[in-house]
Number of protein chains: 2
Amino acid sequence: MGETAARSLRADAERSVRAILEAAERLLVEEPGASMEQIAAAAGVARTTIHRRFANRQALIEALASSAARQLAQAVEDGRPDTAPPLVAMHRITANVLQVKSAWAFALELPADPDSEAAVLQRDIAGRCITVLKRAQADKLIDEAADLDWVRRVYYALIRESLHGDADGADPDALAARIIDTLLHGAGPRA
Amino acid sequence: MGETAARSLRADAERSVRAILEAAERLLVEEPGASMEQIAAAAGVARTTIHRRFANRQALIEALASSAARQLAQAVEDGRPDTAPPLVAMHRITANVLQVKSAWAFALELPADPDSEAAVLQRDIAGRCITVLKRAQADKLIDEAADLDWVRRVYYALIRESLHGDADGADPDALAARIIDTLLHGAGPRA
DNA sequence: CTTATCTGAATCATACCTGTTGCAATTCGA
DNA sequence: TCGAATTGCAACAGGTATGATTCAGATAAG
């Protein structure tokens, strides 16, 4: 259990798994120490059912991280990082990522075991991110001497900060615009 | 117990309190759920001694947060935020803060109760921060239309990111320089 | 419809953490 | 030096989380 993709779960079982993962995210983001009992209750499921699907707490957490990472990767992909004009791609990706991250904040902040599926996906995503930044650099949007890894980290930090501070109601596109603008120009006076 | 300043603790008792707080920071930053037993062991102290000084886990955490917040406030103050030239103050404060934050990462990331001493201090510090930014704005270092609260949040995020990613060995002044540069100019091409 | 699967409920055993107390030994401080 | 404060140790009580097991009933699937 707790594997990447259980082979052909019955429909109701699959529904249970989803409910459990969503409830876990909802509770753990508020209270990282929440008990399996509480998670089960929030999922509208018996505690035994969780143990049937996930061998232990650890397995549940890992499944949560994998599931969220997969959605995040999809969000990035949907922004066409390889084909869209860099600035457009950055905007779209940022807006998409903001939405996924606001829904799976706990799972995506989790310190991942380097061998886990989640970690692999996160590395893929970081690679994609660097790719986009390189394309932006080629378009003179980013200084040619810039350290792209630092730029990527700043980008991540801006996203995180946007999520922490602003009410969920805020328009993702507006937030994305502010992030990109800050990333490229900082706070200094405009030319 | 667990008060802001215990009145005249005996020398050995004060040493114990310090050892406990330092051990708590050291362990909790790695494992937020570490038991009192583990903390006591790391502090070279019996578990009962912790309970003598701090009524319960909560009280220990709050004392930890207060202690760290006080040190952070001191670090900011040492940068002369009101009198030094804005750019100098920003550099000095950033370097000082980096050092304190790397030593008390757990305590300073703690979600503080709005009424706690730590929260009050954090608000004071944020105020000081805004003050410096205003002075920088008056000196044309920051765009006159900039949202200073957002700038402050970005500044915090850059500090956090610097701490997470870079080995502790890195030179605080170099990190501070990069933070300020990124805050003011972003990643875009230089004029 | 019939079967294989899934679920909830009830139990059980185990382990761990927390907070308290009593006491003897040690250490600080005046 | 003498008394008070502090500490370690041991033990205890109360609580809670975890995981496993069993079984009868509900539900999806072919």
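Throughout, protein chains are lettered first and strands after them, A, B, ... in sequence-line order, and every chain is numbered starting at 1. The analysis underlying the following values was restricted to heavy atoms, covering all of them including side chains, and did not include hydrogens, waters or symmetry mates.
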Q: To the nearest Å, how far apart are A:Ile50 CD1 and D:dA17 P?
A: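 For the pair A:Ile50 CD1 and D:dA17 P, the rounded distance is 13 Å.
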Q: In whole Å, what is the span from the CG atom of B:Asn56 to the C1' atom of C:dT20?
A: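 Spelled out: CG on B:Asn56 to C1' on C:dT20 is 13 Å.
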Q: Whole angstroms only, please: what is the CZ-P distance between A:Arg47 and D:dA20?
A: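 Atom CZ in A:Arg47 sits about 11 Å away from atom P in D:dA20.
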Q: Within this structure, what is the CZ-to-P distance between B:Phe54 and D:dT6, rounded to whole angstrom?
A: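 Atom-to-atom, B:Phe54 to D:dT6, this comes out as 13 Å.
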Q: Contact between B:His164 and A:Arg153 at the side-chain level, heavy atoms closer than 4.5 Å - yes or no?
A: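 Result no, sub-4.5 Å side-chain heavy-atom pair not found.
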Q: Using atom CD of A:Gln58 as one end and atom P of D:dT18 as the other, report the distance to the nearest whole Å.
A: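 After rounding, the gap between these two atoms is 13 Å.
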Q: Can you list, by residue number, the residues of residues 11-24 of chain B that have a non-hydrogen atom closer than 4.0 angstrom to DNA chain D?
A: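 The answer is B:Asp12, B:Ala13, B:Ser16.
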Q: Does the side chain of B:Thr49 get closer than 4.0 angstrom to OP1 or OP2 of D:dT6 through an N or O atom?
A: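 No, no such contact exists.
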Q: Measure from CZ on A:Arg10 to C1' on C:dT3 and round the result to the nearest Å.
A: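 From A:Arg10 CZ to C:dT3 C1': 11 Å.
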Q: Can you tell which of C:dC17, D:dT18, D:dG8 lies closest to the side chain of B:Val45?
A: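 The nucleotide sitting nearest to the side chain is D:dG8.
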Q: When all nucleic acid strands are considered with a 4.0 Å heavy-atom cut-off, which category describes A:Gly33: base, sugar-phosphate, or nothing?
A: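 The residue A:Gly33 makes no contact with any strand.
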Q: Does A:Arg152 come within less than 4.0 Å of A:Asp149, counting only side-chain N to carboxylate O?
A: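 Yes, charged N to carboxylate O under 4.0 Å.
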Q: Between D:dT18, C:dT18, D:dT21, spot the one nearest the side chain of A:Met36, thanks.
A: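 For the A:Met36 side chain, the nearest candidate turns out to be D:dT18.
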Q: Given the structure, check if the side chain of A:Arg52 and the base of C:dG8 hold any donor-acceptor pair shorter than 3.5 Å.
A: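 Present.
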Q: Axis-to-axis angle across the helix from C:dC1-D:dG30 to C:dA30-D:dT1, five pairs an end, to 10 degrees?
A: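 Roughly 50°, once rounded to the nearest ten degrees.
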Q: Got a salt bridge between B:Asp82 and B:Arg128, using NZ or NE/NH1/NH2 to carboxylate O under 4.0 Å?
A: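 Yes, B:Asp82 and B:Arg128 are salt-bridged.
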Q: Quiz question: going by heavy-atom distance under 3.5 Å, is there a donor-acceptor pair between the base of D:dT18 and the side chain of A:Arg57?
A: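 Checked by distance alone, the answer is no.
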Q: Report which part of the nucleic acid A:Thr48 touches: base, sugar-phosphate, or nothing (heavy-atom distance under 4.0 Å, all strands).
A: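 A:Thr48: base contact, heavy atoms under 4.0 Å.
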Q: Just how far, in rounded Å, is P of C:dG19 from CG of B:Leu60?
A: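 From B:Leu60 CG to C:dG19 P: 10 Å.
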Q: Using the side chain to side chain contact (heavy atoms under 4.5 Å, CB included) rule, pick out the option among B:Leu141, B:Thr131, B:Leu133 that qualifies with B:Pro86.
A: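 Looking at B:Leu141, B:Thr131, B:Leu133, the match for B:Pro86 under the side chain to side chain contact (heavy atoms under 4.5 Å, CB included) is B:Leu141.
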